[in-house]
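This is the structure, below, for whatever I ask next.
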Amino acid sequence: MTFIRPSLLALALAFTAAPAFAVLDDGAMAPSDQAANRLYWQAQSALREADWSTALQRFEQLEQQLREREPQSADAALYWRAYVLVQLRRTTEARTLVERLHREYPSSRWGKDADALLTPGKPAAAAAGKTATSGEDDLADAAVEALLTASPERAIPLLDKVLKSQRPLRTKQRALFVLSQIGDPRALDRVIEVTRSTNDPALRAEAIRILGIGGDAHGVERLREIYASSQDASEKRQVIDAWLIADRKDLILAAARTESDATLRAHAVQMLGALGATDELGQLFDATADAESRAAIVRALGIAGEGTRVAAIAGDAKQPESVRAAALEAVALSGHGAELLGGLYAKAGSEALRDATLRAMLIAGDSAGLRRLYGEVRTPEEKKAVLRMLGTLDSDATLDLIERALGD
């Protein structure tokens with residue numbers, strides 16, 4: 001069996017016990033707006049790598065964008081910002097965000113989770129569909145984790161007993177993870193058996209995720225079987241996410257090529273971006289002439305950091321306008337927006353593409369580029385469009401420019 005690195009082991013245990021579990025298991029939490037959706041997954045990818053600084057930056061950008069396009073959903077971004085700040089031990093800032101969450105979204109589903117972030121030793125549970133546990137359950141959780149160091153002969157039967165018991169879902173999830181870390185084929189067989197026998201969809205989903213964490217060839221083959229036989233789009237999405245954890249670009253690429261469900265196909269493309277699979281995404285782009293598919297691919301290339309490549313697509317007049325607009329957004333997501341977007345404005349051949357360039361500069365937070373562009377554009381309509389974007393960016397230089405515009 002493949003063992004994961006100690007740092008990943010600690011992170012995976014945290015995913016099982018804390019709110020971060022939702023990172024890999026609840027894609028339904030992702031925003032419906034495409035640009036916000038990409039930011040969400042880019043941030044979640046940073047969480048998987050424990051890259052807290054990048055995750056915080058992406059969730060801040062996500063909140064800004066959600067407040068513009070889906071204001072009713074911005075509570076999720078507030079929660080995740082607070083979560084990352086807790087990981088960075090910046091609890092005062094996290095507390096301020098939690099207070100904002102309660103004040104602005106008093107009925108938010110994230111409220112209890114956010115409160116739990118600030119309570120030492122009491123991780124939030126609602127994000128993973130859990131309920132409060134008793135002291136006896138907490139003791140069972142600790143006992144399950146202690147089996148990480150036990151012999152397979154003793155540990156496997158005990159963990160199997162937990163899986164067949166009436167223990168809470170959280171305890172069974174931990175039992176599955178411990179099984180995945182035991183270097184014995186019988187332990188892996190038990191995880192695989194859960195994917196076949198359980199009637200609990202949440203436990204089955206966790207078993208699928210655990211097979212991805214283990215990365216064992218036998219487990220990955222079982223994931224292939226599940227994907228091939230399943231008629232449930234949600235379950236197939238879970239398998240794609242497990243392949244993401246297992247770093248199986250080949251299997252995700254196959255899904256992106258052959259899946260008939262457009263939503264699942266787009267999700268597979270998105271996960272290739274999270275893996276930085278730029279060669280594979282390039283192959284997909286060249287192999288398809290469908291504008292919608294190409295747009296999804298260039299966004300994934302942006303998530304993968306391929307700013308120069310997607311900038312070339314954005315400036316290519318031979319591409320459909322929808323693809324070019326998506327490429328502009330992808331430049332912003334690539335982290336190279338400040339370097340590349342200003343030059344693309346001049347290549348935009350329509351008002352729609354000029355507007356898309358300005359939105360991309362807003363996503364990239366390129367206030368300096370927008371101010372520069374304000375001085376370059378000549379028509380009143382363009383100046384107004386740039387000024388509207390600048391108005392959403394809070395900086396002294398922007399306010400000075402607005403003051404001068406008001407004084408004209």
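These figures come from a predicted structure and were not determined experimentally.
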Can you tell if the side chain of Ser350 reaches within under 4.5 Å of the side chain of Glu321, non-hydrogen atoms only? yes
Please give me the minimum heavy-atom distance between Glu382 and Val377, naming the atom from each residue. CB-CB, 3.9 Å
Hey, are Glu206 and Arg170 close enough for a salt bridge, meaning a charged N less than 4.0 Å from a carboxylate O? no
In the structure I gave you, are the side-chain heavy atoms of Asp113 and Leu117 within less than 4.5 Å of one another anywhere? no
Would you say Glu225 and Arg196 make side-chain contact, with heavy atoms under 4.5 Å? yes
Of all heavy-atom pairs linking Gly302 and Val310, the shortest is N-CG1, 4.2 Å
Can we say Asp184 and Arg186 salt-bridge, meaning some charged N sits less than 4.0 Å from an Asp/Glu carboxylate O? yes
State whether the side chain of Thr96 and the backbone N or O of Thr92 hold a donor-acceptor pair below 3.5 Å, judged by distance alone. yes
If you apply the rule side chain to side chain contact (heavy atoms under 4.5 Å, CB included), what do you find for Arg248 with Val220, and how did you get there? CA-CA 9 Å; Arg248 291 300 300 266; Val220 171; 3.3 Å; yes
Check this for me, if you would: do Glu329 and Arg359 make a salt bridge, where the nitrogen-to-carboxylate-oxygen distance has to be below 4.0 angstrom? no
So Arg209 and Gln238, side chain to side chain contact (heavy atoms under 4.5 Å, CB included) or not? Walk me through it. CA-CA 7 Å; Arg209 188 179 75 93; Gln238 292 162 8; over 6 Å; no
Between Arg90 and Trp52, is the side chain to side chain contact (heavy atoms under 4.5 Å, CB included) condition met? List the steps. CA-CA 12 Å; Arg90 291 160 58 180; Trp52 308 121; over 6 Å; no
Using a strict threshold of under 4.0 Å (side-chain N to carboxylate O), is an ion pair present between Arg95 and Glu99? no
4.5 Å side-chain heavy-atom contact, Leu101 and Ser108: yes
Could you go step by step and tell me if Gln270 and Arg299 meet the side chain to side chain donor-acceptor pair (under 3.5 Å) rule? CA-CA 8 Å; Gln270 192 176 72; Arg299 291 189 188 97; over 6 Å; no
Does Arg81 pair with Glu93 as a salt bridge, N-O distance under 4.0 Å? no
Between Arg265 and Glu259, is there a donor-acceptor pair closer than 3.5 Å when you use the side chain of the first and the backbone of the second? yes
Show your reasoning for whether side chain to side chain contact (heavy atoms under 4.5 Å, CB included) applies to Val194 and Leu163. CA-CA 8 Å; Val194 170; Leu163 291 170; 4.0 Å; yes
Looking at OG1 of Thr379 and CD of Glu351, how far apart are the two atoms once the value is rounded to the nearest 0.5 Å? 9.0 Å
Are the charged groups of Glu63 and Arg100 less than 4.0 angstrom apart, N to O? yes
Can you run down the ring pair (Phe, Tyr, Trp, His ring centres under 6.0 Å) pairs that involve residues 272-317, sequence neighbours left out, and say none if there aren't any? none
Whether Glu376 and Lys383 form a salt bridge (side-chain N of Lys/Arg under 4.0 Å from carboxylate O of Asp/Glu) is what I want to check. no
Check whether any side-chain heavy atom of Ile226 lies under 4.5 Å from a side-chain heavy atom of Glu235, and answer yes or no. yes
Testing the basics here: between Leu341 and Leu328, what is the closest heavy-atom pair and its distance to 0.1 Å? CD2-O, 3.8 Å
Sorted by chain and residue number, the side-chain contact (heavy atoms from CB on, under 4.5 Å) partners of Glu339 (sequence neighbours excluded) come out as His336
Distance col, row Leu344:CG vs Met361:CE, nearest 0.5 angstrom, shows 9.5 Å
Val323 and Ala291 have their tightest heavy-atom pair at CG2-O, 3.5 Å
Search all heavy atoms of Arg167 against all heavy atoms of Lys172 and return the closest pair with its distance. O-CE, 3.5 Å
Can you classify the ring geometry of Trp80 versus Phe59 as parallel (below 30°), tilted (30 to 60°) or perpendicular (above 60°)? parallel
Does some side-chain heavy atom of Leu223 sit less than 4.5 Å from a side-chain heavy atom of Tyr227? no
The side-chain hydrogen bond (donor to acceptor under 3.5 Å, both in side chains) partners of Glu381 (sequence neighbours excluded) come to none
Point-to-point distance, once rounded to the nearest 0.5 Å, from CD1 of Ile208 to CG of Leu176: 11.0 Å
Please check if the distance between the ring centroids of Trp110 and Tyr105 is under 6.0 Å. no
What I'd like to find out is whether the side chain of Leu147 reaches to under 4.5 Å of the side chain of Leu158, using heavy atoms alone. yes
Can you check whether Glu145's main-chain N or O pairs, donor with acceptor, with Arg174's side chain at less than 3.5 Å? no
Side-chain donor or acceptor of Thr357 paired with backbone N/O of Leu353 under 3.5 Å: yes
Can you confirm whether more than 12 heavy atoms, excluding those of Glu221, are under 6.0 Å from its CD atom? yes
What is the minimum heavy-atom distance between Val386 and Leu370, and which atoms define it? CG1-O, 3.3 Å
Heavy-atom distance under 4.5 Å between the side chains of Asp241 and His267, does that happen here? yes
When rounded to the nearest 0.5 angstrom, what is the spacing between CG in Leu188 and CD1 in Ile210? 11.0 Å
To the nearest 0.5 Å, atom CG of Asp189 lies from atom CG of Leu179 at 10.5 Å
Nearest 0.5 Å, what's the NZ-OG1 distance between Lys249 and Thr278? 7.0 Å
